[in-house]
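The structure appears below as structure tokens.
Numbers for residues simply follow the sequence, beginning at 1.
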Amino acid sequence: MSTSDQDRQEEQKRVDWVVSKITKRMASLEQHVSVMKSDIVNIRKNFWDDVTVNLDDPGEAAETYASMKQQAEVLSERERTHRHARKQMETLRRLKQSPYFGRIDFREGGEQETERIYLGIASFFDEDKESFLVYDWRAPVSSLYYDYPPGPAQYEAPDGKVTGIMELKRQFIIRGGQIQSMFDTGVTIGDELLQEVLGKQADSQMKSIVATIQKEQNRIIRNERSRLLVVQGAAGSGKTSAALQRVAYLLYRYRETLRAENIVLFSPNPMFNSYISTVLPELGEENMQQTTFQDYLEHQLGQTFQLEDPFTQMEYTLAPVNDPGYEARIEGITYKAGNDFMQLIERYVVLLGREGMIFRDVKFRGETIISAERIKEHFYGFDSSLPISNRIRLLADWLLQELKECELAERTKPWVDEEIELLDNETYLRVYQKLRRKKGYREDTFDDFEREQKMLAAMVVKESFKPLRKCVKKLDFIDVPAIYRQLFARPQQILRFAPDARLPRHWDVICKQTVERLERSQLAYEDATPYLYLKERIEGFQTNTSVRHVFVDEAQDYSLFQFAYIKRLFPRSKMTVLGDLNQAIHPHTTSTGFAPLSSLYGEDQTETFVLTRSYRSTRQIVEFTRRLIDGGEKIEPFNREGSKPTLTQVSNAWELAGRLADRIRSLQSAGYRTIAVICKTARESREAHEMLQEQVPLTLIGKETASFEAGTLIIPSYLAKGVEFDAVIIYNSSQYERESERKLFYTACTRAMHELHIYSIGKMNPFITSVSPDTYVRES
């Protein structure tokens with residue numbers, strides 16, 4: 001529904017008025033910031049001038065401390081206020097460009113007057129009129145805009161439910177303080193606004209478009225009940241966007257108790273972190289902690305093993321199936337990701353409580369001072385009803401006591417005298433002064449010389465034993481790699497403590513492969529989480545209780561074992577998981593999908609949302625891609641028009657390179673900023689880059705790439721997940737042959753926003769045979 005010219009003029013007058021108010025506030029705040037900055041500089045410059053320093057007298061020293069503390073607190077307060085003011089300034093700058101994006105006219109039940117409510121990325125309060133000129137999109141009343149058309153409406157306020165009538169819903173696109181377009185709508189978000197936003201070219205960073213949040217996304221964003229929130233969404237349905245807006249909402253809703261550092265996002269790769277890095281700052285919030293699960297594994301295990309990453313594992317799974325041991329490795333990847341293996345480790349831990357623990361000798365200067373056998377004997381001497389982790393703590397205490405005894409014995413050894421001779425004068429002086437303070441010390445007696453030597457010997461030995469004590473406190477005396485290896489050393493021994501265990505068909509080969517890697521100090525990706533889980537069950541879980549919300553993106557790539565581990569790692573946290581089972585490209589994925597996750601938190605604590613509408617791609621691209629997968633008919637395309645995908649067959653790699661170079665130049669001429677040439681593997685990406693780099697400028701993306709920049713990229717299929725591009729070129733679709741690669745091909749195709757071009761050398765991709773020829777164009 002269009003709006004009249006008079007309405008537009010009146011709305012522009014209001015925009016001008018609000019912008020003038022913002023400008024005035026900015027000028028006042030700028031002056032305030034300048035004064036505060038000057039104060040901070042002066043305090044730092046004259047800090048010691050304002051502190052009375054006297055450390056000779058205990059009373060004066062206390063006064064000195066109090067004076068320093070007071071000055072430091074004044075400085076800290078000024079700096080905190082200055083940071084807050086700078087943050088306000090940044091928010092006002094954004095509001096000045098686009099003060100708001102929506103208006104609702106709402107008449108509360110029982111009231112005669114209708115309130116006009118304008119929504120923007122932040123609140124703006126007019127102190128003169130004592131009213132909000134703009135409401136933050138996260139405020140309770142703002143949910144009306146996302147959840148209701150004009151008519152009866154309600155929202156949850158802090159004091160309870162508020163009902164009434166929405167008389168008008170109006171949407172704006174404002175740039176540089178000028179209304180570009182505005183329209184009244186009867187639906188959640190009008191097609192006009194989405195068309196305008198989605199029709200734009202992709203940028204190198206994801207944008208925060210709070211004006212386009214849909215009703216189902218709003219329910220995800222504002223959900224506060226569930227301990228586990230599962231979002232299954234089609235490619236391009238706005239899962240990640242909703243998750244990031246949810247972070248912003250939580251930081252706003254619980255701003256008194258929740259900070260960005262209390263939220264962790266597990267993302268698929270470092271490049272993705274770069275891609276989403278600007279979303280929260282655009283909303284005036286700090287970025288939460290961002291990491292990958294692999295980064296966490298490296299942090300925990302990188303010093304013990306050469307650790308395989310998920311992308312190397314992925315490259316292996318995409319290798320030719322006739323590789324020796326391939327079938328067993330794939331079966332092992334699947335088995336080690338599941339609940340059966342987790343239960344097997346639990347039963348192994350029960351066995352270790354009775355027998356089988358492996359310890360390391362405690363050595364000093366190359367000699368064993370406490371043998372592994374003695375440690376083991378002492379461990380199994382503790383009450384067997386105690387958990388292993390409790391017995392380990394008692395064992396560590398015993399070892400520290402034993403080390404004290406060993407220290408005493410070492411003090412009279414010849415090496416100690418040699419070390420004393422090498423001590424510097426400063427150390428001698430320190431010991432001498434310490435002895436002088438003792439009663440009865442005289443410099444001219446032999447006894448006191450002997451006391452000095454004993455003190456020096458004690459000091460030398462204590463310093464030498466410090467690394468040993470540190471190792472004991474870190475529980476390094478437990479040989480966890482050997483304990484994990486023992487589980488696979490004799491394949492059939494499992495049946496001794498788990499006779500009813502469901503083992504995979506190729507268990508013997510899986511055990512052999514695992515042992516061979518462990519003997520080379522290598523740990524496969526599928527072994528990393530089970531190894532850590534076993535380690536924590538033995539040593540006691542190291543938990544993080546400060547994290548209150550965990551977000552897991554591309555959740556279909558995680559195993560149930562990994563989710564169980566993350567839950568134990570963050571025991572006080574709520575979890576939001578986002579994924580698309582149609583993009584489940586890893587071999588450990590099961591047909592049960594996200595359903596088993598509810599067992600971690602309980603069905604009453606779990607809520608699942610399903611997003612079926614795809615906004616990323618044009619209708620033509622969605623019509624094509626949804627036919628590539630089972631159940632694709634449930635995916636709804638957004639009605640944004642574009643050209644049909646193209647399919648091109650060539651006879652060889654050289655012809656392919658020439659055609660691709662022409663296509664890239666054509667897309668660049670059309671003004672597209674992000675163009676992706678998507679290859680199946682990293683190896684194929686390197687080959688494509690070598691063939692194309694002299695013809696067109698492009699960037700090769702690998703697993704180590706840390707930032708995402710606009711331009712023409714060559715990227716492996718599995719690294720492109722979660723990212724969108726103006727145009728996508730599938731390098732050689734005939735490489736996707738196995739049924740297990742269908743979802744990988746679908747994932748690659750769904751990265752395209754505006755154009756999709758598929759090339760094949762020789763035969764056409766087999767998955768396209770199930771797609772209607774009406775949905776694509778064949779090019780010769």
Side-chain angles (χ1 to χ4, degrees), residues 201-205 268-275 309 311-312 314-316 318-320 585 645-737 741 744-745 747-765 779-780:
Q201 292 171 10
D203 209 335
S204 60
Q205 267 85 33
N269 54 62
M271 188 185 74
F272 186 81
N273 287 340
S274 165
Y275 179 59
D309 59 61
F311 311 117
T312 304
M314 191 74 198
E315 285 285 321
Y316 178 84
L318 298 174
I585 61 176
T646 68
L647 271 61
T648 307
Q649 285 176 275
V650 296
S651 55
N652 56 57
W654 295 108
E655 184 186 352
L656 175 61
R659 298 289 288 271
L660 287 185
D662 289 342
R663 177 72 73 184
I664 290 168
R665 284 191 283 267
S666 171
L667 292 168
Q668 288 172 338
S669 298
Y672 290 131
R673 291 199 296 264
T674 59
I675 303 165
V677 179
I678 299 183
C679 302
K680 181 180 173 184
T681 64
R683 181 177 178 178
E684 188 179 62
S685 297
R686 290 191 294 271
E687 292 169 357
H689 183 255
E690 196 172 319
M691 297 187 75
L692 288 166
Q693 63 180 338
E694 292 183 7
Q695 300 189 58
V696 287
L698 33 73
T699 303
L700 178 64
I701 301 295
K703 64 183 181 182
E704 68 287 336
T705 304
S707 62
F708 178 65
E709 303 294 339
T712 303
L713 314 174
I714 293 186
I715 186 169
S717 52
Y718 50 82
L719 285 182
K721 284 170 50 130
V723 185
E724 60 189 25
F725 306 94
D726 288 328
V728 164
I729 297 168
I730 304 296
Y731 180 72
N732 180 11
S733 69
S734 59
Q735 289 290 315
Y736 304 81
E737 298 177 301
E741 295 166 353
L744 185 65
F745 181 65
T747 300
C749 292
T750 55
R751 302 305 94 203
M753 285 181 66
H754 304 294
E755 293 193 33
L756 172 62
H757 304 284
I758 301 170
Y759 289 80
S760 297
I761 298 175
K763 59 182 179 180
M764 186 56 72
N765 176 283
E779 293 192 348
S780 56

(Q) Give me the atom names and distance for the closest heavy-atom approach of C679 to A688. (A) SG-CB, 3.9 Å

(Q) Please give me the minimum heavy-atom distance between E724 and T674, naming the atom from each residue. (A) O-OG1, 4.4 Å

Q) If we only count heavy atoms from C-beta on, is the S760 to V650 side-chain gap below 4.5 Å? A) no

Q: Sorted by first residue and then second, give each salt bridge (charged side-chain N to carboxylate O under 4.0 Å, His left out) pair with at least one member in residues 677-687; sequence neighbours left out.
A: K680-E741, R683-E687

Q) Where is the tightest heavy-atom contact between A727 and Y672, given as atom of each residue plus distance? A) CB-CD1, 4.4 Å

Q: State which residues pass ring-ring contact (aromatic ring centres under 6.0 Å, His included) with Y736; sequence neighbours excluded, sorted by chain then number.
A: F745

(Q) With heavy-atom distances below 4.5 Å as the criterion, would you say the side chains of T646 and I758 are in contact? (A) no

Q.
Taking the side chain as everything from C-beta on, heavy atoms only, tell me whether V723 gets closer than 4.5 Å to M271.
A. yes

(Q) Taking the side chain as everything from C-beta on, heavy atoms only, tell me whether H757 gets closer than 4.5 Å to I730. (A) no

(Q) Quick one: does any side-chain atom of D726 pair with a main-chain N or O of I675 as donor and acceptor, under 3.5 Å? (A) no

Q) Is any side-chain heavy atom of L698 less than 4.5 Å from a side-chain heavy atom of Q693? A) yes

Q) Should Y731 and I714 count as side-chain neighbours, where that means a heavy-atom distance under 4.5 Å? A) no

Q. What residues, two or more places apart in sequence or in another chain, satisfy salt bridge (Lys or Arg N to Asp or Glu O under 4.0 Å) together with K703?
A. D309

Side chains of residues 651-671: which donor-acceptor partners sit under 3.5 Å, not counting sequence neighbours?
from: S651; atom 1: OG; to: E655; atom 2: OE1; distance (Å): 2.8
from: N652; atom 1: OD1; to: W654; atom 2: N; distance (Å): 3.1
from: N652; atom 1: OD1; to: E655; atom 2: N; distance (Å): 2.7
from: E655; atom 1: OE1; to: S651; atom 2: N; distance (Å): 3.0
from: R659; atom 1: NH2; to: S780; atom 2: O; distance (Å): 2.6
from: D662; atom 1: OD1; to: R665; atom 2: NH2; distance (Å): 2.9
from: R663; atom 1: NE; to: Y759; atom 2: OH; distance (Å): 2.9
from: R663; atom 1: NH2; to: E779; atom 2: OE1; distance (Å): 2.5
from: R665; atom 1: NH1; to: Q695; atom 2: O; distance (Å): 3.2
from: Q668; atom 1: NE2; to: T712; atom 2: OG1; distance (Å): 3.0
from: S669; atom 1: OG; to: R665; atom 2: O; distance (Å): 2.9

Q: Please identify each residue that fulfils side-chain contact (heavy atoms from CB on, under 4.5 Å) with A720, with sequence neighbours left out.
A: I678, I715, F725, R751

Q) How far does CD1 of I701 sit from CD of E704, to the nearest 0.5 angstrom? A) 9.0 Å

Q. What residues form a salt bridge (Lys or Arg N to Asp or Glu O under 4.0 Å) with E737, not counting sequence neighbours?
A. K763

Q) Between V728 and C749, is any pair of side-chain heavy atoms under 4.5 Å apart? A) no

